[in-house]
There are 2 protein chains.
Amino acid sequence: MVGIFQFKPYTCPSKGWVGLRTDGQLRTIGSKGETTERVLREAGVRLIARHGFEAMSLRMLAKEVGVQAGSLYNYFDNKQDFLFDLLASIIRDLVDELLEKLAGIEDPRDRLRAFVQEHINFHTLRKEEVFIGNMELRSLSPAHHREIRSMRDDYEKVLEDIIRDGVEAGYFKCADIGTAKLAILAMLTGVSTWYRPSGRHTIVTLIEQYVEFTFGLLHAQDHVQEGSRVSHREPS
Amino acid sequence: MVGIFQFKPYTCPSKGWVGLRTDGQLRTIGSKGETTERVLREAGVRLIARHGFEAMSLRMLAKEVGVQAGSLYNYFDNKQDFLFDLLASIIRDLVDELLEKLAGIEDPRDRLRAFVQEHINFHTLRKEEVFIGNMELRSLSPAHHREIRSMRDDYEKVLEDIIRDGVEAGYFKCADIGTAKLAILAMLTGVSTWYRPSGRHTIVTLIEQYVEFTFGLLHAQDHVQEGSRVSHREPS
DNA sequence: CCTACCGATCGGTAGG
DNA sequence: CCTACCGATCGGTAGG
């Protein structure tokens with residue numbers, strides 16, 4: 001019974017939507033899909049940080065995004081995939097920014113200083129993302145967990161190599177490189193748990209202090225190098 | 001209409017229960033209340049660590065304890081109070097153990113060493129409790145949050161005083177005592193996120209390494225003192 | 001992108 | 001300590 005006058009108030013399953021709402025209003029979506037995707041990501045980070053992943057309902061998420069719960073399934077296959085995509089993109093950003101930052105720097109002391117800068121910058125500017133990245137590995141399926149874990153290992157490996165190079169060159173001293181790596185990472189990451197833009201210190205100052213701590217921890221001599229200026233970005 | 005033959009298969013609202021179950025079996029509880037309380041606490045810690053507080057349902061909790069969901073309300077007034085009692089008892093244990101450990105120790109270097117020992121001992125032996133203690137402050141009501149926050153401040157203050165005393169005595173060197181305190185705490189607490197009893201190092205070895213890191217971070221000279229033997233307890 | 005719905009489960013309470 | 005229940009909400013799907 002499909003006639004030529006059939007009314008189809010909805011269209012196109014892939015992103016180009018024209019929907020008819022309960023209130024009778026016609027809703028034109030157009031290219032809003034990409035915007036929704038960004039808003040969805042930001043709302044997801046915020047809600048997971050506040051409630052935990054399991055406790056974040058898709059209804060909360062849908063409301064923040066301005067969409068019905070069922071419609072979220074146009075953006076992911078299920079809740080678990082949404083978490084994985086979120087966590088993967090965070091760690092990918094972290095690794096990418098680090099490699100970009102370290103490119104061309106040779107001296108282990110300079111590389112260590114750059115690592116501290118980059119790690120603190122990222123962990124203060126994107127603290128909610130860091131928080132869920134450290135917290136919600138527990139909510140990943142085993143396969144997804146392994147994948148994220150492996151990306152984190154890549155990141156940690158960069159620091160481990162820096163320390164090893166520095167030790168072999170005689171700049172650093174520590175009994176166990178693996179433990180030193182974990183100690184430094186935890187120390188630096190900790191900033192993200194208490195940092196507030198309105199706090200006592202600017203990010204630049206904090207970076208200077210943590211560079212000092214890190215070099216002290218590794219019993220580094222004369223660690224004040226040429227070109228040790230600190231670069232940073234203020235939070236938005 | 002209460003006759004002398006009235007059958008009351010349940011009794012005593014406070015802890016001395018004799019219940020009649022669906023299967024017709026008579027269940028005598030007697031003094032089991034205290035056991036249940038301990039099991040409840042342990043199950044709560046485990047489930048909150050695994051799922052997050054909001055996502056831990058009282059049905060999960062009841063099943064682990066071997067009780068019906070409604071019966072949990074004999075042990076707390078509501079879910080929020082349960083969380084608060086749990087977190088408060090954890091931080092109380094931490095502070096109590098620390099003060100006991102530090103009692104009678106005078107030299108700031110010895111006190112710092114003892115602090116590192118105690119913090120790592122607690123954070124490896126009770127890692128799930130530490131995890132929820134750091135994670136689920138977000139799920140507390142504002143009043144409860146303030147109360148826990150204040151207990152944590154007491155704990156952190158002990159380390160801050162140790163550092164200040166050491167700096168004034170000329171043993172330690174750092175640009176900012178507040179930041180140094182936070183850096184050391186995060187570094188030590190980090191052990192709880194990756195420590196496994198089957199790992200490469202024993203707790204004793206880890207403590208030695210972290211003492212070294214901590215003294216290095218504070219640029220301490222000749223930190224190997226007499227009586228610097230490391231004490232510890234192995235996990236159960 | 002929406003409506004309408006599925007079976008399951010939620011924190012909490014009444015009453016015994 | 002139990003049974004039985006409250007209204008609300010869950011992740012996900014069908015169909016358009």
Side-chain angles (χ1 to χ4, degrees), chain A residues 1-2 6-37 39-40 47 51-63 65-83 139, chain B residues 1-2 6-37 39-40 47 51-63 65-83 139:
Chain A
M1 293 302 120
V2 175
Q6 187 199 25
F7 179 53
K8 290 184 80 186
Y10 52 90
T11 42
C12 183
S14 42
K15 301 304 152 58
W17 282 101
V18 177
L20 193 61
R21 296 174 128 180
T22 322
D23 55 15
Q25 287 197 317
L26 204 70
R27 176 164 181 173
T28 309
I29 304 306
S31 66
K32 206 187 139 210
E34 288 129 43
T35 309
T36 304
E37 206 133 14
V39 172
L40 176 61
L47 289 172
H51 301 282
F53 172 72
E54 271 190 62
M56 174 197 71
S57 76
L58 297 183
R59 267 109 181 145
M60 294 180 199
L61 189 56
K63 181 177 283 185
V65 175
V67 117
Q68 294 303 307
S71 302
L72 292 175
Y73 286 84
N74 288 296
Y75 297 93
F76 47 71
D77 285 344
N78 52 60
K79 208 185 166 195
Q80 166 69 211
D81 282 358
F82 176 62
L83 176 63
S139 301
Chain B
M1 294 305 118
V2 175
Q6 187 199 26
F7 179 51
K8 291 186 80 186
Y10 53 90
T11 44
C12 183
S14 43
K15 302 304 153 57
W17 280 101
V18 177
L20 194 61
R21 296 175 127 179
T22 322
D23 54 15
Q25 285 196 318
L26 205 69
R27 175 164 183 175
T28 309
I29 303 306
S31 65
K32 206 187 140 212
E34 289 129 42
T35 308
T36 304
E37 206 132 13
V39 172
L40 175 61
L47 289 172
H51 302 282
F53 172 72
E54 270 191 62
M56 174 196 71
S57 77
L58 296 183
R59 267 104 180 150
M60 291 180 201
L61 189 56
K63 181 178 282 187
V65 175
V67 119
Q68 294 302 310
S71 302
L72 291 175
Y73 286 83
N74 288 296
Y75 297 93
F76 46 70
D77 285 344
N78 52 60
K79 208 186 167 195
Q80 166 70 210
D81 281 359
F82 176 62
L83 176 64
S139 302

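Computed from a predicted structure; not experimentally measured. Lettering of chains follows the sequences in order, A, B, ..., and the numbering in each one begins at 1.
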> If you round to the nearest 0.5 Å, how far is CG of B:Leu83 from CD of B:Glu54?
Replying inline: 10.5 Å
> Does any nucleotide pair with C:dG15 by Watson-Crick or G-U wobble geometry, both distances under 3.5 Å, and what is it?
Replying inline: D:dC2
>> Starting the side chain at C-beta, find the nucleotide from D:dC2, C:dC2, C:dG11 nearest to B:Val67.
In response: D:dC2
> When we call it a touch if two heavy atoms are under 4.0 Å apart, what does A:Met56 touch: a base, just sugar-phosphate, or nothing?
Replying inline: sugar-phosphate
>> Output the rounded distance in Å from CZ (A:Arg59) to P (D:dC10).
In response: 6 Å
> Rounding to a whole Å, what distance do you find between B:Phe76:CZ and C:dG11:C1'?
Replying inline: 10 Å
> To the nearest angstrom, how far is B:Leu61 atom CG from C:dG12 atom P?
Replying inline: 12 Å
> Once you round it to whole Å, what is the distance between C1' of D:dG11 and OH of A:Tyr75?
Replying inline: 19 Å
> For B:Tyr73 and C:dC10, what is the distance between atoms OH and P respectively, to the nearest whole Å?
Replying inline: 12 Å
>> I want to check something: taking the side chain as every heavy atom from C-beta on, are A:Val39 and A:Thr36 in contact at a cut-off of under 4.5 Å?
In response: no
> For the residue pair A:Leu61 and A:Met56, what are the closest heavy atoms and their distance?
Replying inline: CD2-CE, 4.1 Å
> For D:dC10, does either OP1 or OP2 sit under 4.0 Å from a side-chain N or O belonging to B:Ser57?
Replying inline: no
> Taking atom C1' of D:dA8 as reference, at what distance in whole Å does atom CE of A:Met60 sit?
Replying inline: 13 Å
> Quick one: OH on B:Tyr73 to CD on B:Gln68, what's the gap to the nearest 0.5 Å?
Replying inline: 14.0 Å
> Once you round it to whole Å, what is the distance between C1' of D:dT13 and CD of A:Gln68?
Replying inline: 15 Å
>> For B:Ser139, is there any backbone N or O sitting under 3.5 Å from a side-chain donor or acceptor partner on B:Gln80?
In response: yes
> Which base sits across from C:dC10 as a Watson-Crick or G-U pair, both distances under 3.5 Å?
Replying inline: D:dG7
> Any idea which of C:dC1, C:dG11, D:dC1 is nearest the B:Lys79 side chain?
Replying inline: C:dG11
> Rounding to a whole Å, what distance do you find between A:Asn74:CG and D:dG12:P?
Replying inline: 14 Å
